[in-house]
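Before any comments, here is the structure.
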Amino acid sequence: MIDFANILFAGPCNRFCPFCIGKEVPDRVNLKNLDTYPPRNWSAFVAECHAHEIREIVFTGTTTDPHLYKHEARLIHRVREDLPGAKISIHTNGALSLKKIDTFNLYDRACISFPSFNTTTYAAMMGVPQVPDLGRLLERAEIPVKVSCIINEHNAHEVEPFLLRLSELGVQRVVLRRLYGDTRTWDILPGLTPVRYYRENPVYEIYGMEVTWWNFETTTSRSINLFADGTLSTEYLLTEVTKREFA
Ligand code: SF4
C-alpha cells in the first residue's frame, strides 16, 4: 500500500537545523537538483505514480527547501498535467513562503515546519534566529496550512503557549513529532485524553485545533520517493524519514 509520493530536492538550504535529516540519507542521493527541470528520472516517477494510483504528491527536500527550487511553479503545473487529479502539497520551512506567495498558493495544501515563536528557541532548532511571519503567511494563504513542530529539549517546555499562539493565528491542524530515532519521552500534553488515533498516533483537540502527537515508530505510511539524483525508492527507512522529517 503506497499512500503518497515525495519529490525530493537537494542543495544548499536557508536554514541549518542540527538534526537535518539530509545527513541521514546516503550522500549519493543528495545530488543538487535545484536548477534541474524536470527532476532526474521524472518519466519513471510518473509511471510509478500511475502504477500505484498515487493521489498525493509532496514537494519536499532532503537537504534543502522546495521553495529554493528554481522551477517550482513550472513543476507544479507539470504535475497537474502528468498526474491529473493528484493533490499537490509542499513541506517547507516557510522561510520563503511569503516572498513566493503566488507560487505557494498554487499548491493544494502546505505543511510548515515551525518549532517556536521564540527567536532563541528557533535559532537553536533551525540554525538562524529569523522566525518566519506565520501570522502574515496565514493571512495571505489561500490553501490549508498545517504546522509541523519537532519536539526536543529546546522547545518541549513551551508547547502549551506555542499551541495557544497557533490557535490565535487561526491554525487548525498541528502535528507534534519527535525526531526519527529519538526515543525520549516528552510529557507535553499532561492530563489530556486523545479524541481518536490516526495510524496509531494520538490526536487531541486543543484550543479548537486538531493536534496529532506523531510517533514514527508506529507509523504505517508508505511512499514512493524520487531522490534528487533520480533514485526511485520505497525503502522503508527513507520512507519514514521523508514523510515527516523534511522541511
Ligand atoms: S531540516 Fe529542512 S529546513 Fe532544516 S536544514 Fe535540513 S532541509 Fe533545511
ring-ring contact (aromatic ring centres under 6.0 Å, His included) involving [X] - partner list, sequence neighbours excluded:
X    : answer
F104 : none
W213 : none
Y204 : none
H71  : Y37, Y69

Considering residues at least two apart in sequence or located in another chain, which fulfil the side-chain contact (heavy atoms from CB on, under 4.5 Å) criterion with T231? R28, V29, F227, D229, S233
Report the residues that fulfil side-chain hydrogen bond (donor to acceptor under 3.5 Å, both in side chains) with N14, sequence neighbours left out, ordered by chain and then residue number. N93
Residues which pass side-chain hydrogen bond (donor to acceptor under 3.5 Å, both in side chains) with R136, listed by chain and number, not counting sequence neighbours: E139
I'd like to check the salt bridge (charged side-chain N to carboxylate O under 4.0 Å, His left out) partners of [X]; sequence neighbours left out, ordered by chain and number.
X    : result
D108 : R80
K32  : none
E210 : R173, R196
E153 : R184

Between T212 and N201, a side-chain donor and acceptor under 3.5 Å: no
Going by distance alone, is a donor N or O of one side chain under 3.5 Å from an acceptor N or O of the other, for S116 and N118? no
Can you name the nearest heavy-atom pair linking L166 to V147, along with the distance? CD1-CG1, 4.0 Å
Heavy-atom pair of closest approach, residues K23 and C17: NZ-O, 3.7 Å
Quick one: does any side-chain atom of R40 pair with a main-chain N or O of A228 as donor and acceptor, under 3.5 Å? yes
Are there more than 12 heavy atoms of other residues, nucleotides or ligands under 6.0 Å from atom CG of N105? yes
Could you list the donor-acceptor pairs under 3.5 angstrom formed between side-chain atoms of residues 46-53 and any protein atom two or more places apart in sequence or on another chain?
residue: E48; atom: OE1; partner: H52; partner atom: NE2; Å: 3.3
residue: H50; atom: NE2; partner: D82; partner atom: O; Å: 2.9

Beyond-backbone contact of L75 with P39, side-chain heavy atoms, under 4.5 angstrom: yes
Do the ring centers of F117 and F162 come within less than 6.0 Å of each other? yes
